[in-house]
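Notes to accompany the following structure.
Heavy-atom basis, side chains included; hydrogens, waters and symmetry copies ignored. Quick note: residue numbers are just sequence positions, from 1.
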Amino acid sequence: MAVKSNLLKPTGAPERVVSMDILRGVAVLGILAMNIQSFAMPSAAYTNPTAFEKLTGNDLWVWVGSHVFTDQKFMSIFSMLFGASIMMLSQKARKENLRSTELQNRRFIFLALMGLAHAYLLWYGDILFAYAVCGFFMFSFRNKKTKVQIRAGIALIAVGSIISLVIGYSTPFWEQGELEATKTEIWQPTPDTISDEIDVATGPWEMQILYRAQQAFQMQTTIFFYETFWRVSGLMLIGMALYKRRIFKGKQSTRYYTKMVWYGLGLGLPMVVIGTILNFQFDWDFRMGFFFLSQLNYWGSILMALAYVGIVMLFTKDSTKSFLAKKLAAVGRTALSTYLMQSIICSFIFYGYGLALFGDLDRSAQAVLVLCIWVFNIVFSNVWLSYFRYGPFEWLWRSLSYGKAQPIFKSF
């Protein structure tokens, strides 16, 4: 059944904000630098790099580089841009004297369904479901003043931080053996547990589904309520405010963006680096690293993400029509498809229904693979948009949201 005609029309190419497309393209490429670890190695190796194989030589420097410069930084940008997209649709509706609520709700519902399919069929680390749920609740903030959005965003992010600290300080009061059991489950699995995870990942798809369902369910319940909801929701509100202040549009002064870069890197980078050094000094102690030192990257990554926004906006101020800008903008216009395609490619490379390389590629080899996938993503997006208006999954999402198939072929 078609959606009522009083809903907004889809945003066409002439209406797009190119600077946001470029920023989105940078973000969706950047998140693969960390996501690759969840595809290629046992899950504990993401938070504790010493949990699987030795962290020495080139592998050490690859991990340090990816953690310091990418971990949570590009996902923060992605989250802020999702909040900005909510704001953008709402402003467009207001200009046309239409309501965006029904359309926004349909977008959230179908994005959640796509996220569930992604999480349970391909990869447990899906973020789309969280975006849909957080977006649904944060939608009510769209008409608030930017100061309110920023303050509420920081407050929500702080809740996730406080939860981690409170749990960390409560561990001395846990029952005997409970801390060690938790450490074994999520921080330092036994060799047998790691071996079992590798066997499942490289086994048949049906076996993976059962194991992945447990991981995905934990991501969408325990981890979501303890951290993801608060962080993602807060970043969405900050993204709304940044959009309203025209920061994502590249409309602020060069001096403004330069300050974003200096303050973001000047404060955020030392926090992340100090946290990394302390983890090594504490020999990757579970309680210290998981609950306390992680907070340095939790907050530092947001500051660095804002610095990255400033860098990209300075780049777009120079030109949005340069060769690199055009290529990145195409990736940004197909960000959903790029994100899901990364999962399709990585799951084929690492899981049993494909090449079954899970646990076989060290971090250096993973870095090379990331570069190869980036090249593919950029080429695919640009070639695809030469013939089509939207990416394949963008088209599906729009068609479901608007209640009818959207025209996809370009008219020449």
Non-hydrogen atoms of [X] and [Y] that approach each other most closely:
| X | Y | value |
| --- | --- | --- |
| Ile22 | Thr316 | CD1-CG2, 3.7 Å |
| Ala84 | Met20 | CB-CE, 3.8 Å |
| Val272 | Ser301 | CG2-N, 4.2 Å |

Looking at [X] versus [Y], is the centre-to-centre ring distance below 6.0 Å?
| X | Y | answer |
| --- | --- | --- |
| Tyr390 | Trp395 | no |
| Phe217 | Tyr124 | no |
| Tyr339 | Phe393 | no |
| Phe248 | Tyr243 | no |

Quiz item: cation-pi between Arg142 and Phe139, 6.0 Å / 45°: yes

Charged tip of Arg231 within 45° of Tyr298 ring normal and under 6.0 Å: yes

From CA spacing to verdict: side chain to side chain contact (heavy atoms under 4.5 Å, CB included), Asp126, Tyr131: CA-CA 10 Å; Asp126 167 78; Tyr131 280 2; over 6 Å; no

N/O donor-acceptor pair under 3.5 Å between [X] side chain and [Y] backbone:
| X | Y | result |
| --- | --- | --- |
| Glu394 | Ser337 | yes |
| Trp299 | Ala158 | no |
| Lys244 | Lys144 | yes |
| Gln252 | Ile247 | no |
| Lys73 | Asp71 | yes |
| Gln149 | Phe141 | yes |
| Thr334 | Ala330 | yes |
| Trp397 | Phe110 | no |
| Thr193 | Pro189 | no |

Trace of the side chain to side chain contact (heavy atoms under 4.5 Å, CB included) decision for Ser19 with Lys251: CA-CA 10 Å; Ser19 59; Lys251 300 297 185 181; over 6 Å; no

Gap between atom OH of Tyr46 and atom CZ of Phe39 - 0.5 Å precision: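 Between atom CZ of Phe39 and atom OH of Tyr46 there are 11.5 Å.
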
Side-chain heavy-atom pair Phe291, Leu165 within 4.5 angstrom cut-off: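 Side chain of Phe291 against side chain of Leu165, heavy atoms only: no contact under 4.5 Å found.
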
Polar side chain donor-acceptor pair, Gln215 to Arg212, under 3.5 angstrom: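 There is no such pair (donor and acceptor under 3.5 Å, judged by atom type) between the side chains of Gln215 and Arg212.
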
Donor + acceptor pair across side chains of Gln72, Asn297 (<3.5 Å): no

Whether Phe280 and Trp63 hold their rings parallel, tilted or perpendicular, with breakpoints at 30° and 60°: perpendicular

